Participant: 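Let me begin by handing over the structure; questions about it come next.
Note that ligands are numbered from 1 as they come in the structure, with each ligand's atoms numbered from 1 the same way. These figures come from a predicted structure and were not determined experimentally.
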Amino acid sequence: MSDSKKINPQDYAIETRAVRAGQERTQEGENSEPIFPTSSYVFASAAEAAARFSGEQPGNIYSRFTNPTVRTFEERLAAMEGAECCVATASGMSAITATCIGLLQSGDHIVSSRSIFGTTTVLFENFLGKLGIATTFVELSDLNAWEQAIKPETKLLFLETPSNPLTELVDIAALAEIAHKNDCLLVVDNCFCTPVLQQPIALGADIIIHSATKYIDGQGRCMGGAVCGTRDIVGESVFGFLRTAGPTMSAFNAWVFLKGLETLSLRMHAHSASALELAQWLEQQAVVERVYYPGLESHPQHQLAKQQQKGFGGIVSFELKGGKEQGWKLIDATRMVSITANLGDTKTTITHPATTTHGRLSPEQRQQAGISDGLIRVAVGLEDINDIKNDLSRGM
Ligand SMILES: *Cc1c(COP(=O)(O)O)cnc(C)c1O
């Protein structure tokens with residue numbers, strides 16, 4: 001490949017990085033990035049094959065761990081997160097799994113926010129637990145609780161901010177300080193904000209997790225994930241596990257995500273604007289007990305959200321007065337919004353977390369996580385905001 005116009009991302013704003021970073025044109029001179037659907041690569045000679053396999057010579061070997069389309073996606077996302085390195089994975093869950101298995105061993109300990117994606121809780125408790133890696137769950141916003149839960153064996157602190165689905169926040173910079181004072185790595189699942197709205201590495205986080213399935217794709221098509229961080233941690237330890245165990249990203253999916261990154265900034269700001277309008281409207285509705293959205297003045301961490309994020313995101317949750325019955329009624333009365341657990345789509349989606357995304361948790365775990373039976377989560381899409389309000393008002 002030859003491309004005299006490959007950009008140096010540091011010289012450009014995030015919107016420009018999203019469109020240009022990582023692209024290396026082939027001799028065909030294509031303007032849009034190509035897809036490389038090939039499982040392996042040929043070498044000029046036996047000696048070159050040996051040099052590639054031994055790592056003496058950089059270059060492609062086999063698409064489980066080297067693919068040009070995937071590499072372009074990785075470089076672009078790393079540039080947007082301000083990370084040295086990024087590795088792409090088959091899903092968000094495989095990004096979390098690869099991070100934990102790549103970095104931890106039996107006897108190590110994780111301190112995690114209690115308010116994380118339901119499947120991540122199951123991964124930590126049932127599967128890492130089985131391997132001798134224990135997890136202590138704490139209240140996301142309570143810095144003292146994090147500090148007190150850290151033991152000599154603790155290696156990772158894990159969180160999402162804002163959390164799913166209650167949009168709680170933690171001060172990332174303050175927690176990074178606690179992590180580093182205790183020789184722990186701070187892992188932030190940045191799925192809800194994306195680098196457009198929040199850049200945790202600049203705030204001191206060590207590792208960023210993404211489910212690319214959500215806003216990075218942005219149109220609900222492909223499964224994928226990513227881990228960003230330093231070359232040592234991500235490029236060696238996490239990648240070492242990934243290339244061996246194999247939950248890596250396909251070239252086609254990487255291409256879809258690359259194209260998603262190009263419009264990510266426009267979409268995140270549009271999702272955020274509509275979500276704020278919807279949240280303000282929901283606060284006025286008689287059947288609504290409480291609205292959770294960091295952009296509302298009533299959100300207990302509104303100030304922190306303004307300071308830590310460049311926008312408030314597309315997820316709005318609200319509690320209905322009538323519990324599960326009213327919740328299901330509202331969902332079933334909609335004619336347009338999609339009843340599905342996915343989020344980060346152009347299409348607005350509606351979910352009843354207690355019986356879907358958080359249904360595998362025990363009633364006690366759900367109660368601790370604040371997932372009540374009357375809670376509804378809306379991932380606000382890009383339809384006209386009045387059409388979204390009208391659709392939700394049918395069952396109110
Ligand atoms: C969806 C999601 C995941 C898991 O990602 P998949 O791509 O579905 O495996 C992890 N974290 C958060 C915050 C999510 O919303």
Side-chain angles (χ1 to χ4, degrees), residues 73 77 81 86-101 110 112-125 127-128 135 137 140 156 158-170 172 187-198 200 205 207-228 238 242 245-250 253-254 256-257 260 264 268 271 275 292 294 309 313-317 338 340-345 349-351 353 356-361 369-371 377-381:
F73 167 74
L77 184 58
E81 284 288 6
C86 167
V87 294
T89 60
S91 66
M93 288 318 301
S94 51
I96 300 172
T97 306
T99 301
C100 294
I101 305 288
I110 299 171
S112 171
S113 160
R114 189 169 280 145
S115 315
I116 53 172
F117 188 59
T119 314
T120 311
T121 309
V122 177
L123 173 73
F124 287 174
E125 291 219 302
F127 295 96
L128 295 186
T135 304
F137 293 95
L140 173 66
L156 293 186
F158 185 97
L159 63 96
E160 296 166 21
T161 179
S163 67
N164 177 15
L166 295 180
T167 73
E168 292 168 299
L169 276 72
V170 72
I172 296 175
V187 186
V188 176
D189 182 333
N190 204 24
C191 171
F192 272 30
C193 277
T194 82
V196 170
L197 302 183
Q198 173 171 279
I207 299 171
I208 311 292
I209 301 284
H210 275 291
S211 168
T213 317
K214 312 293 170 54
Y215 289 105
I216 291 178
D217 176 325
Q219 296 177 55
R221 298 161 293 192
C222 292
M223 301 293 304
V227 186
C228 302
V238 178
L242 265 179
T248 45
M249 184 180 281
S250 77
N253 286 11
V256 171
F257 296 136
L264 185 62
M268 290 315 292
H271 284 296
Y292 301 88
Q309 301 175 201
I315 309 297
V316 179
S317 292
S338 309
T340 172
N342 195 29
L343 61 93
D345 198 312
T349 66
I350 191 162
T351 314
T356 58
T357 53
H358 293 67
R360 283 159 79 189
L361 303 186
I371 312 295
R377 186 192 76 192
V378 175
V380 183

Participant: For ligand 1, list all ligand N or O to protein N or O distances below 3.5 Å, rounded to 0.1 Å.
Facilitator:
residue: ligand 1; atom: 5 (O); partner: S211; partner atom: OG; Å: 3.0
residue: ligand 1; atom: 7 (O); partner: G92; partner atom: N; Å: 2.8
residue: ligand 1; atom: 7 (O); partner: S211; partner atom: OG; Å: 2.8
residue: ligand 1; atom: 7 (O); partner: T213; partner atom: OG1; Å: 2.6
residue: ligand 1; atom: 9 (O); partner: G92; partner atom: N; Å: 3.0
residue: ligand 1; atom: 9 (O); partner: M93; partner atom: N; Å: 2.8
residue: ligand 1; atom: 11 (N); partner: D189; partner atom: OD2; Å: 2.6
residue: ligand 1; atom: 15 (O); partner: K214; partner atom: NZ; Å: 2.7

Participant: Would you say that T119 contacts T357 through its side chain, given a criterion of any heavy-atom pair below 4.5 Å between the two side chains?
Facilitator: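 No; the side chains remain at least 4.5 Å from each other.
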Participant: With side chain to side chain contact (heavy atoms under 4.5 Å, CB included) as the test, pick out the partner of V187 among I207, L159, I208, I110.
Facilitator: I207
Participant: Is the ring pair F73/F257 parallel, tilted or perpendicular, if the boundaries are 30 and 60 degrees?
Facilitator: tilted
Participant: Taking atom OG of S211 and atom CG of L343, what is their separation to the nearest 0.5 Å?
Facilitator: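 It comes to 7.5 Å.
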Participant: Kindly compute the distance separating NE2 (H210) from OG1 (T89), expressed to the nearest 0.5 Å.
Facilitator: 11.0 Å
Participant: Whether the side chain of N342 engages the backbone of T349 through a donor-acceptor N/O pair (distance < 3.5 Å, no angle test) should be reported.
Facilitator: no
